[in-house]
**Q** 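The structure's right below; bear with me while I get my questions together.
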Amino acid sequence: MTDDLITYAEITWCPGCGNFGILNAFKKAVKQLEKKGIDREKIFMTAGIGQHAKVFDYANLSGFYGLHGRSMATAQGIKLANPELKVINFVGDGDAMGEGLEHVLFAAKRNADISVVMHNNGIYALTTGQRSPLSARGYRGPSTPWGSEEDPFNPLTLLMEAGATFVARSYSGNIDHLANTMVKAILHEGFSFIDVLQVCITFNNKYQEYNEMVEVMKTIPASHDEALALARKKDRLPIGIFCRVDKPAHHRALYGDWNPAKKRRTRKQRINKLEKLLLSV
Amino acid sequence: MKRRVFTFLVGGKAGEGVKKAGSVAAHLLAGMGRRVFQMDDYQSLIRGGHNFSVISSSTGEITSHYMNADLVVALDARSHQLHKNHLSDKGVLVFNSDAEGKSQGVGIPMTSQAEKYPQPALRIGVSAIAILVSALGLDIKRMHALIEKEYPRDIENNIAYADSIYDHAQPIIGGRFPLNPGDGEKPILSGNQAMGLGAIAGGLDVYLGYPMTPSSPLLHFLAAQAEDFGLAVVHPESEVAVANMAIGAAAAGAKTMVGTSGGGLALMDEAFSLAGMTETPLLCVLGSRPGPATGVPTYTEQGDLGFALNKGHGEFPRIVAAPGNLEEAYYLASEMLSIVWKFQTPGIILTEKHLAESRMTVDLNVQEAKWAQPKMHKTGKYRRYLDVADGISPLLFPPSKEVIKWNSYEHDQVGITTEKAEIIAQLHDKRHRKNVAIIKYLKSLRTVNEYGKKGPVIVTYGSTTMSVLEALKAGGIKARVIQPVFLKPLPVWELKKRIGSTPVVIEQSCAGQFATLLRDKLDIEPQAVIRKYDGRPFDPEELARQIKEVI
């Protein structure tokens, strides 16, 4: 059977790359969403620049392939213009935690209704393995042959403190868990963020480490503090939803149930109002 | 009969209501059916310093303020010092006698009278209106009505205060400047308002902006109009976010505009290129101020011309147009929104603080605005970057059964990334062909304005056009003024017919960027380039003298 969620683009990830797991999980998630009544035509994907972003070319879905670090902003613009779309923003850890950090934090702050899926391989893979903002201290890459002299961010605590209303971690090696987490993130109205632990087979191979340390959480932590403590754990890597909060999404807080791209005022309505406005300015 | 211009100048500290008094004066004069031009000179601060507002008015068209005023009201000592030489032949200066005791001019105790009421410092601007009403010989009832409308907080005390100032002024300057009424009241708009309204009329759905003078008032104005016109107006974290969000909004089908000044546009540079590659309609209002860097935030300059013409790395069609007056700002905003959607490429409305923030009476036919209508996909298999003859691929917006892929990488017609040599060249060609289509379309528009029938040729653009036209009136100079509205692509087909080989070029730039552009594109050598780059707009009388020196 042909896979109608895949395009004709030639796949150029390394064999064994964690991105395959993420793409497969996404395809599963799309099918699950369709069963829940969300048509794939309403799904609009965006991606930054990096190995992660090739999902844009491979997935046979509508979307916008943005700039490195800026696709979170583009994603928010799409949602703002037409809130009936489910906007899924694939980002890399270099992309979202480096060049684009401001946009991710602000998307969380304003509770923009987009779902950010962060392919976290801890390095810049497409540009040959330099350290990322999430690389461990001591990581040796071509830009830090001496071993990285900086500590990494913790993306989960960062996003929770920024006000993200849905924060989860998953693993590219657990496709079902990742697919389910994606579905929950996309159904969450408001900003959702999934930190996907992703193996880079070529520059940062953590298969064994992740397989030993990853552990599925049974429940959502009861409090913000508990969530932060779990997210900070170094001896184990809990995966699952760390926090899920109900709060009005940005577009609703801004304009209620309006839709700027669809419910536009007609030319005639605008001209009539303008004529009245001119008399009062 | 000599054309009579009446000019009123009010100066004081920031926080004393100088700008407000200027705007009330403008409404008073416009209410007499006269044409009005108001220029606010203010500093980048909230309290203190020196601000002034100057309003020139005539029974006929007027396109600039004059720096020599008939009536100057100085609310503080510094304003007195700075503006005592800004008087016309029969000009009168009224100063605040509480601020400096005995001095030249007419002293009125503005502060001590204000101190009879709560919050005297905020009230003092009202005195300027009382003095103006007295000097114009208008009925005191008119003043009361004006104050009720324009100073609605604490009306009673404001009227009592205005009465006391009026009573001081009346015996000395009462009825000094009787003015003829004009031919009917016209609305007063700022350039920012005119552009905002034009964009709304043209189909604007989303506006994004990060505060930056002189474009912040455009953000404020559209935010205030958002609900009424069904707009989404957002102030995000940075200009980088503004531009990238705008591109997303446009890709989802919303007619989107952004506004900023030079520094903010610099931050949008990468996104401009993204709009070029992805063929996203992106319209930006660039309100110029003196640069480089932070420059002089609240003043005016045309130093961003070269920058605007070359926004974004890489090769793609760019469109830049500059309105020459406030009415044109309205029409052009709608036209530019329509153009960027027609050709799916980024465009800039290039303007300056002098146009964006000055206010004048306008004669608008709001119906004449363009309505943005892009070429849409009809039926069949969709390809976002379909290679068609004019390079303009039909648009389709999500949600759709068809897959719509916008791509910042070089891509094939579907929108999937490519590195294949023949496809790279093919898509480059496709985008490049839009330049031909753009020029073909521009040839159907009025891309150059020409004023005057005889005399030497003056070439100018943007807000400087207003200064030049007023200078010709002020100096009784006969000249032909040529103003290209579009600067990229430059309508050489029109300019070559009109300019001749040695025009006078007038612009607000130190390097003479506009003259350089004309030299490069038209192979001409201006006989003179009159430049001003001290942040202040031209004064028509001063400019008239400069023009006379070179023609």
Side-chain angles (χ1 to χ4, degrees), chain A residues 7-9 39 41-44 46 49 53-54 56-58 60-82 84-85 87 102-103 105-106 109-110 250-251 254-255 258 260-265 267 269-271 273-275 277-281, chain B residues 187-189 193 197 200-201 203 205-206 208 225-234 236-238 240-256 270-271 273-274 278 362 364 366-367 369 371 397-409 411 414-417:
Chain A
T7 66
Y8 54 80
D39 296 339
E41 64 202 63
K42 288 211 169 150
I43 294 174
F44 201 80
T46 61
I49 299 299
K54 294 176 178 174
F56 175 90
D57 284 327
Y58 305 154
N60 193 31
L61 292 167
S62 292
F64 198 109
Y65 207 152
L67 294 172
H68 179 66
R70 310 302 174 199
S71 66
M72 298 72 91
T74 309
Q76 293 176 69
I78 291 158
K79 184 72 192 185
L80 189 68
N82 185 350
E84 73 177 76
L85 299 173
V87 184
E102 60 167 321
H103 308 305
L105 295 182
F106 273 86
K109 173 185 181 285
R110 65 173 67 96
H250 177 247
H251 64 276
L254 186 71
Y255 52 61
W258 188 248
K262 296 265 160 180
K263 295 188 188 172
R264 320 179 59 220
R265 295 244 191 275
R267 182 169 194 273
Q269 287 169 331
R270 290 168 189 246
I271 295 291
K273 280 172 180 288
L274 280 175
E275 278 172 345
L277 182 68
L278 266 190
L279 297 175
S280 68
V281 290
Chain B
I188 298 179
L189 289 181
Q193 288 174 329
L197 294 174
I200 289 173
D205 302 310
V206 174
L208 297 145
Q225 303 305 327
E227 195 171 353
D228 213 19
F229 287 99
L231 314 176
V233 178
V234 180
E237 61 270 24
S238 66
V240 178
V242 162
N244 284 282
M245 284 171 94
I247 286 169
K255 310 289 181 299
T256 304
E270 190 193 21
S273 186
L274 174 65
T278 55
V362 293
L364 274 185
V366 292
Q367 304 262 14
W371 180 248
F397 303 118
S400 167
K401 294 271 180 223
E402 295 294 314
V403 170
I404 309 159
K405 281 187 177 290
W406 303 69
N407 197 338
S408 73
Y409 274 101
H411 40 257
V414 171
I416 286 178
T417 305

**Q** Does the A/N82 side chain pair with the main chain of B/A252, one donor and one acceptor, at a distance under 3.5 Å?
**A** no
**Q** Is B/T278 in contact with chain A via its backbone, its side chain, both, or neither, using a 4.5 Å heavy-atom distance?
**A** side chain
**Q** Of the backbone (N, CA, C, O) and the side chain (C-beta and beyond), which part of B/A246 lies under 4.5 Å from a heavy atom of chain A, both, or neither?
**A** neither
**Q** Using atom types as modelled and distance alone, determine if a side-chain donor or acceptor of A/R264 lies under 3.5 Å from a backbone N or O of B/G203.
**A** yes
**Q** Look at the side chain of A/R267 and the backbone N and O of B/Q367, then say whether any donor-acceptor pair between them is shorter than 3.5 Å.
**A** yes
**Q** Is chain B contacted by the side chain of A/F56, its backbone, both, or neither, given a heavy-atom distance below 4.5 Å?
**A** both
**Q** Might you point out which heavy atoms bring B/G230 and A/W258 nearest each other, and give the distance in Å?
**A** O-NE1, 2.9 Å
**Q** Taking all non-hydrogen atoms of both residues, which atom of B/A254 and which atom of A/A81 are closest, and how far apart?
**A** CB-CB, 3.6 Å
**Q** Using the ring of each side chain (for Trp, its six-membered ring), is A/Y65 parallel, tilted or perpendicular to B/Y409, with breaks at 30° and 60°?
**A** perpendicular
**Q** Chain B heavy atoms under 4.5 Å from A/H251: which part of the residue, side chain, backbone, both or neither?
**A** neither
**Q** Check whether any side-chain heavy atom of B/P399 lies under 4.5 Å from a side-chain heavy atom of A/D39, and answer yes or no.
**A** no
**Q** Using non-hydrogen atoms only, which part of B/T417 is less than 4.5 Å away from chain A: side chain, backbone, both, or neither?
**A** both
**Q** For a side-chain contact (heavy atoms from CB on, under 4.5 Å) check, start with the C-alpha distance between A/L277 and B/D228, then their side-chain angles and the critical distance, and finish with the verdict.
**A** CA-CA 10 Å; A/L277 182 68; B/D228 213 19; 6.0 Å; no
**Q** With chain A, which of B/V240, B/T256, B/V414 has the greatest number of heavy-atom pairs at distances under 4.5 Å?
**A** B/V240
**Q** Of all residues at least two apart in sequence or in a different chain, which pass the side chain to side chain donor-acceptor pair (under 3.5 Å) check with B/E227?
**A** none
**Q** Would you give the length of the straight line joining atom CD1 of B/I404 to atom CZ of A/F64, rounded to the nearest 0.5 angstrom?
**A** 12.5 Å
**Q** Of all heavy-atom pairs between A/P260 and B/A232, which one has the smallest distance, and what is that distance?
**A** CG-CB, 3.8 Å
**Q** Pick whichever of B/V234, B/L364, B/I188 has the most heavy-atom pairs under 4.5 Å with chain A.
**A** B/V234
**Q** Compare every heavy atom of A/E275 with every heavy atom of B/V366, then report the nearest pair and how far apart it is.
**A** CG2-CG, 3.2 Å
**Q** Could you check if a side-chain atom of A/Y255 sits within less than 4.5 angstrom of a side-chain atom of B/L231, using non-hydrogen atoms only?
**A** no
**Q** Can you list the steps and then say if B/K405 with A/T7 is a side-chain contact (heavy atoms from CB on, under 4.5 Å)?
**A** CA-CA 11 Å; B/K405 281 187 177 290; A/T7 66; 4.2 Å; yes
**Q** To the nearest 0.5 Å, what is the distance between CE (B/M245) and CZ (A/F106)?
**A** 11.0 Å
**Q** Is it the backbone or the side chain of B/V206 that comes under 4.5 Å from a heavy atom of chain A, or both, or neither?
**A** side chain
**Q** Chain B: which of A/E84, A/K54, A/K273, A/K263 shares the most heavy-atom pairs with it under 4.5 Å?
**A** A/K273
**Q** May I ask you to name which of B/K401, B/K255, B/Q225 has the most heavy-atom pairs under 4.5 Å with chain A?
**A** B/K401
**Q** What residue, out of A/K79, A/E102, A/K42, A/Q76, has the most heavy-atom pairs lying under 4.5 Å from chain B?
**A** A/E102
**Q** Looking at B/V233 and A/L254, what are the two nearest heavy atoms and their distance?
**A** O-CD1, 3.8 Å
**Q** To the nearest 0.5 angstrom, please state how far the CG atom of A/L85 sits from the CZ atom of B/F397.
**A** 11.5 Å
**Q** Flag the one option from B/A226, B/S273, B/S400 with the top tally of heavy-atom pairs under 4.5 Å to chain A.
**A** B/S400
**Q** Please round to the nearest 0.5 Å and tell me the distance separating atom CG of B/D205 and atom CG of A/L80.
**A** 10.5 Å
**Q** Under 3.5 Å, side chain of A/T74 to main-chain N/O of B/G248, donor-acceptor pair present?
**A** no
**Q** Based on non-hydrogen pairs under 4.5 Å, which of A/L279, A/I49, A/I43 is most in contact with chain B?
**A** A/I49
**Q** In Å and rounded to the nearest 0.5 Å, what is the CG to OG1 distance from B/N244 to A/T46?
**A** 11.0 Å
**Q** Got a sec, which residues hit side chain to side chain donor-acceptor pair (under 3.5 Å) with B/E237, two or more places apart in sequence or on another chain?
**A** A/H103, A/R110
